[in-house]
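Beneath this line is the structure, given in structure tokens, with notes to follow.
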Amino acid sequence: SSLLDEEFNKLDAVKTIKKNQMEDYFNTKRTDIEVLSKMPLIKNALKDYTEAYKKGIDSNEYKESEKKWNNLLSDYVKKYNYYDLFLIDKEGNVVYTVCREPDYATNLINGPYASTGLGTAFREALNGKFKITDIEKYAPSNNAPAMFMAVPVYDNGEIIGVLALQIPLGDVSKIMNERTGLGETGETYLVGNDLMMRSDSRFSNEPTTLKLKVDTETAKLAVEGKDGHKIILDYRGIPVLSSYAPVNICGQVKWGILSEIDLSEAMAPVSDLKNKIIICLIILALLSSAAAYYILENLIIRYLRELENILDELVKCNLDVKPKISFNNDEIGRLYQKVNKLVENLQREAKQQLEDKKALAQTFKELTKAMQKVAGGDLTVRLDESGKNNKLQKTINAAISNIQTLTKELKAQIINLNREIDTLKEGIERAKETSDQVADAASQVATAATDQSTELQDVSQDLESTGE
């Protein structure tokens, strides 16, 4: 994409700048040592130290050379920020160093450090050539990474020894770790042919030179002399945009340089744009929601709330409720019209029920009076049947009429019964009189019979007496 192309262009520019800075840095160092080797200071110091060294480093001659040259040489090292300076005679003896590490007063042809970078640089320089070595671990400097360059020292056209400088690697990492144009996650670093770092990673709190291997596709391409860029997983396993190229150090040391930035940061503008679009959409949605709410509030919700209030009042049996707002002739307005129609029907029904209730109360009142009169024996009372709902009145009036009729009939029957009772009483009285007469007659008969029986007994006795 155009965004990736732009980010790669930035990385390529940073890589090119760093590459040029690194090559210029070492070219400057080469110029420094070549100029220094031609100065009378170095030629004379080397000659004095060479002669004094033959007498021994503890000899008075050597001490005199120290007084004469040591401060000047030490000042040069400090001023130009080198780690160490070496004067080596033609036989490979290290006749002078500023730092006086274990390599001091050793032989670089057959001594313990002959195979080191310093020994290699010495031998090349003794053959009349400038030599710069790759970074290697150097035992005399506590096995720290070290890099050397050396040149021959001439006197009247004849090589009298070698001048060597130990290059400060902190300057290399300082150049690489300057992050202008690399954002928060970008870095530039160097790798050698063994893919080990030749500078310190900005992501590590510990030195990574010669300690961290960068076994990535672009690191291999860089040390192979290729130039380009790719998206890869870096030595941390993080997706990065990687720009790579070879670095030529004074035509003798071949490194690779890589400028990289995390893919997430490189694509941050897309994410930011995405986030901005999302924010804009959210704002638009909120505005739309606000507008919709305003429309709903003014066109729908306000009317629905009013309808809700009306229905609440109806639930409370308040049939006199009136709307507080005017409804439009839309769906909600038509809904209100139906609700209003319902209210009108309910009002009519309520009014009719009230009238019926009053009429019923009046009817019961009249009925109560009528029942009281009926109870008092007045069967001529009648309820008013002129009203619409007069079924009860008619029924009660009919019942009273039936009672009245039954009463009349009962009275007539009672009168007749009384007459029959009177007749019966008269018959009973006559029967009693007859019975009394019969009883008297029977008594008389019985008396007569008794008398007769007595007479008969007397006769019978008389007859019996006659017979005897």
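Here the structure is a predicted model, which means the values were calculated and not measured.
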Do the non-hydrogen side-chain atoms of [X] and [Y] ever get within less than 4.5 Å of each other?
X    : Y    : value
M149 : I167 : yes
W255 : I249 : yes
L263 : V240 : no
K411 : K408 : no
E124 : T133 : no
D262 : R236 : yes
L85  : T97  : no
L169 : I135 : yes

From [X] [atom1] over to [Y] [atom2], what is the distance, rounded to the nearest 0.5 angstrom?
X    : Y    : atom1 : atom2 : answer
L73  : D84  : CG    : CG    : 10.5 Å
K18  : I257 : NZ    : CD1   : 8.0 Å
L108 : L118 : CG    : CG    : 4.5 Å
D227 : T16  : CG    : OG1   : 6.5 Å
T188 : K19  : OG1   : NZ    : 13.0 Å
S243 : I261 : OG    : CD1   : 12.0 Å

Looking only at the side chains, is there a donor atom on one of [X] and [Y] sitting less than 3.5 Å from an acceptor on the other?
X    : Y    : value
Y25  : D171 : yes
T380 : D378 : yes
E206 : T208 : no
S259 : K15  : no
Y189 : D200 : no
Y83  : E101 : yes

Indicate the atoms forming the closest heavy-atom contact of [X] with [Y], along with that distance.
X    : Y    : answer
A245 : A222 : O-CB, 3.6 Å
V98  : S74  : CG1-OG, 3.7 Å
V253 : I132 : CG2-O, 3.8 Å
T120 : S115 : OG1-O, 4.5 Å
Q166 : S141 : NE2-OG, 3.3 Å
S199 : T209 : C-OG1, 3.2 Å

Which residues pass the side chain to side chain contact (heavy atoms under 4.5 Å, CB included) test with N402, not counting sequence neighbours?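 Side chain to side chain contact (heavy atoms under 4.5 Å, CB included) check on N402 returns nothing, list empty.
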With a cut-off of 6.0 Å (strictly less than), are more than 12 heavy atoms of other residues, nucleotides or ligands near CG of D422?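 Yes - once you tally the heavy atoms of other residues, nucleotides and ligands closer than 6.0 Å, there are more than 12.
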Run the side-chain hydrogen bond (donor to acceptor under 3.5 Å, both in side chains) test against Y82 and tell me which residues pass, sequence neighbours left out.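 Per chain and number, Y82 pairs via side-chain hydrogen bond (donor to acceptor under 3.5 Å, both in side chains) with D32.
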Partners of D194 by side-chain hydrogen bond (donor to acceptor under 3.5 Å, both in side chains), sequence neighbours excluded?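 With neighbours one apart ignored, the set is R198.
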Go through the steps to decide whether R30 and F130 satisfy the test side chain to side chain contact (heavy atoms under 4.5 Å, CB included), and finish with yes or no. CA-CA 8 Å; R30 177 175 183 172; F130 164 81; 3.4 Å; yes
Expected output: side-chain [X] to main-chain [Y] donor-acceptor under 3.5 Å:
X    : Y    : value
R419 : T423 : no
T106 : D103 : yes
T116 : Y113 : yes

Kindly determine whether F26 and M147 satisfy side chain to side chain contact (heavy atoms under 4.5 Å, CB included), including the steps that lead there. CA-CA 11 Å; F26 284 105; M147 189 176 190; 3.5 Å; yes
Would you call R179 and E187 a salt bridge, using N to O less than 4.0 angstrom?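 Salt bridge absent between R179 and E187.
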Stepwise side chain to side chain contact (heavy atoms under 4.5 Å, CB included) check, L11 with E260: CA-CA 7 Å; L11 277 181; E260 297 174 341; 5.6 Å; no
Derivation of the side chain to side chain contact (heavy atoms under 4.5 Å, CB included) call for K254 and V247: CA-CA 6 Å; K254 307 296 183 182; V247 178; over 6 Å; no
Proximity of F122 and F148 rings by center, below 6.0 Å: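 Ring centroids of F122 and F148 are no less than 6.0 Å from each other.
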